[in-house]
Amino acid sequence: MRSDEALRVTRHESALGEWELAYRRPAAALQPFVYPYCGYTEASTAFTDRREVPGLFVPVIINLGPPIDVSEAGAADVFHRRESPFVAGMHGRHTIVRTPGEQYGVQLNLSPVGARIFFGIPMNELANRVVDLSDILGAEGEALVERLREAPGWPE
């Protein structure tokens with residue numbers, strides 16, 4: 001599948017850390033359902049907690065780095081460790097995402113209709129929940145993660 005737009009990479013480096021974001025639009029036929037893909041690497045000495053506010057999309061986090069701790073919606077002190085890729089249904093409250101300061105992976109944001117089509121389940125089953133990708137896609141989700149782990153760089 002070819003994208004409609006070239007890969008766009010943004011980098012930052014300072015005393016507080018460094019990060020790299022790689023964006024690409026999905027193929028034209030997918031654009032009503034899938035927002036631009038984002039690959040990321042991050043090494044921070046400044047912070048490890050990030051507040052994620054509710055959005056009008058369903059994030060799929062393909063974590064290729066250390067585990068991520070995700071708080072229950074609206075609770076800053078109840079965390080669940082996510083060692084594998086996950087899907088966060090639409091939430092009505094913010095969550096806190098805690099990392100060890102180092103992170104890398106790919107984030108895919110689906111429209112609610114796109115998530116319904118892609119996962120084949122009603123969105124109310126994901127609302128206010130964080131679910132392992134393998135619980136939804138099974139072996140196909142695991143194969144996707146392995147292909148991403150083996151990719152030599154952002155273009156692939």
Would a 4.5 Å heavy-atom cut-off, applied to side chains only, mark [X] and [Y] as touching?
X: Leu110; Y: Arg116; value: no
X: Met90; Y: Leu126; value: no
X: Leu137; Y: Leu144; value: no
X: Asp135; Y: Phe86; value: no
X: Ile62; Y: Tyr37; value: no
X: His80; Y: Glu72; value: yes
X: Asp132; Y: Arg82; value: yes
X: Glu125; Y: Phe119; value: no

Hydrophobic cluster identity match, [X] and [Y], side-chain contacts under 4.5 Å:
X: Val97; Y: Val130; result: yes
X: Ile117; Y: Val58; result: yes
X: Ile68; Y: Val53; result: no
X: Leu16; Y: Leu21; result: no
X: Phe118; Y: Leu133; result: yes

Measure the spacing between [atom1] of [X] and [atom2] of [Y] and express it to the nearest 0.5 Å.
X: Glu102; Y: Glu18; atom1: CD; atom2: CD; value: 10.0 Å
X: Asp49; Y: Ser44; atom1: CG; atom2: OG; value: 10.5 Å
X: Trp154; Y: Cys38; atom1: CH2; atom2: SG; value: 7.5 Å
X: Tyr40; Y: Glu20; atom1: OH; atom2: CD; value: 13.5 Å
X: Ile61; Y: Leu108; atom1: CD1; atom2: CG; value: 9.0 Å
X: Glu42; Y: Arg50; atom1: CD; atom2: CZ; value: 4.5 Å

For residues [X] and [Y], report the shortest heavy-atom separation together with the two atoms involved.
X: Ser111; Y: Pro32; value: OG-O, 3.4 Å
X: Ala22; Y: Val9; value: CB-CG2, 4.0 Å
X: Arg81; Y: Pro67; value: CD-CB, 3.5 Å
X: Ala115; Y: Met123; value: CB-SD, 3.6 Å
X: Pro36; Y: Pro26; value: CA-CD, 3.9 Å
X: Gln107; Y: Phe57; value: NE2-CE1, 4.5 Å

Does Ile96 form a side chain to side chain contact (heavy atoms under 4.5 Å, CB included) with His94? I'd like the steps, not just the answer. CA-CA 7 Å; Ile96 305 294; His94 76 276; 4.0 Å; yes

Can you check whether Pro66's main-chain N or O pairs, donor with acceptor, with Asn63's side chain at less than 3.5 Å? yes

Any donor-acceptor pair under 3.5 Å linking the side chain of Tyr104 with the backbone of Leu64?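 Yes: the side chain of Tyr104 pairs with the backbone of Leu64.
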
I'd like to know whether Tyr35 forms a side chain to side chain contact (heavy atoms under 4.5 Å, CB included) with Leu56, so could you lay out the CA-CA distance, the side-chain angles of the two residues, the decisive distance to 0.1 Å, and finally the verdict. CA-CA 11 Å; Tyr35 303 119; Leu56 299 175; 5.9 Å; no

Other residues, nucleotides and ligands only: do more than 12 of their heavy atoms fall within 6.0 Å of CD on Glu140?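 Open: at most 12 neighbouring heavy atoms sit under 6.0 Å from CD of Glu140.
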
